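Note: hydrogens, waters and symmetry copies are ignored here, and every other heavy atom, side chains too, is used. Predicted model, so just to flag it, every value in this text is computed and none were measured.
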Amino acid sequence: MDVKIRSKLWIEVDGLPVFGRGRGFLLEAIEKHGAINQAAKEINISYRKAWGYIKAMEERLGFKLIERRTGGKNGGGATLTAEARQFLLKYSAMEIGIRELVDEKFQKIFKAHDL
């Protein structure tokens with residue numbers, strides 16, 4: 001029997017959700033595609049919802065996450081700011097650290113008692 005534990009990590013500001021795995025996927029998809037619309041399609045949410053997440057994150061975190069380019073000869077697009085890239089790296093490090101701690105604690109508590 002392969003038993004595993006799972007945990008979720010998210011960040012709140014004043015009790016309001018700001019960032020978690022799903023919003024991380026959104027930012028990563030924007031970085032990959034260079035467009036909010038394509039990113040939203042990849043993670044299966046509407047453009048409007050994606051834009052709402054971005055606005056809420058920026059307001060609650062207090063810094064810009066996305067640089068938008070309006071259309072024109074080469075079309076529009078979006079890229080992550082340097083601050084957004086740093087934030088993603090820090091969040092990822094936190095997620096890995098939490099997972100390691102939870103796995104270690106699980107092993108100590110549950111494996112010692114053979115479930």
Mind checking salt bridge (Lys or Arg N to Asp or Glu O under 4.0 Å) for [X] and listing every partner two or more places apart, or none if nothing turns up?
| X | result |
| --- | --- |
| Glu104 | Lys108 |
| Glu31 | Arg85 |
| Glu67 | none |
| Lys4 | Asp2 |

Suppose we screen for side chain to side chain contact (heavy atoms under 4.5 Å, CB included). Which residues come up paired with [X], at least two apart in sequence or across chains?
| X | answer |
| --- | --- |
| Leu16 | Arg60 |
| Ala40 | Ile45, Ala50 |
| Lys105 | Ile109 |

Tell me whether [Y] is reachable from [X] by hopping between hydrophobic residues (I, L, V, M, F, W, Y) whose side-chain heavy atoms are closer than 4.5 Å.
| X | Y | answer |
| --- | --- | --- |
| Ile11 | Phe63 | yes |
| Trp10 | Leu88 | no |
| Met94 | Leu26 | yes |

Nearest-0.5 Å distance that lies between atom [atom1] in [X] and atom [atom2] in [Y]:
| X | Y | atom1 | atom2 | answer |
| --- | --- | --- | --- | --- |
| Glu83 | Leu61 | CD | CG | 11.0 Å |
| Thr79 | Ile36 | OG1 | CD1 | 9.5 Å |
| Leu80 | Glu28 | CG | CD | 9.0 Å |
| Arg99 | Phe106 | CZ | CZ | 15.0 Å |
| Gln86 | Leu89 | CD | CG | 5.5 Å |
| Ile30 | Glu42 | CD1 | CD | 10.5 Å |

Output every pair passing salt bridge (Lys or Arg N to Asp or Glu O under 4.0 Å) with a member in residues 12-25, not counting sequence neighbours, ordered by first then second residue. Arg21-Glu95
Only pairs at least two apart or in different chains count here, so list each salt bridge (Lys or Arg N to Asp or Glu O under 4.0 Å) that has a residue in residues 43-52.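 For residues 43-52: none.
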Identify all side-chain donor-acceptor contacts of residues 52-59 below 3.5 Å with residues at least two apart in sequence or on another chain.
| residue | atom | partner | partner atom | Å |
| --- | --- | --- | --- | --- |
| Glu58 | OE2 | Leu65 | N | 2.8 |
| Glu58 | OE2 | Ile66 | N | 3.2 |

With ring-ring contact (aromatic ring centres under 6.0 Å, His included) as the rule and sequence neighbours excluded, what pairs involving residues 23-52 come up? none
Using ring pair (Phe, Tyr, Trp, His ring centres under 6.0 Å) as the criterion, list what pairs up with Tyr91, not counting sequence neighbours.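 Tyr91 satisfies ring pair (Phe, Tyr, Trp, His ring centres under 6.0 Å) with Phe19 once adjacent residues are dropped.
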Considering all heavy atoms of both residues, which atom of Ile43 and which atom of Ala29 are nearest to each other, and what is their separation? CG2-CB, 4.5 Å
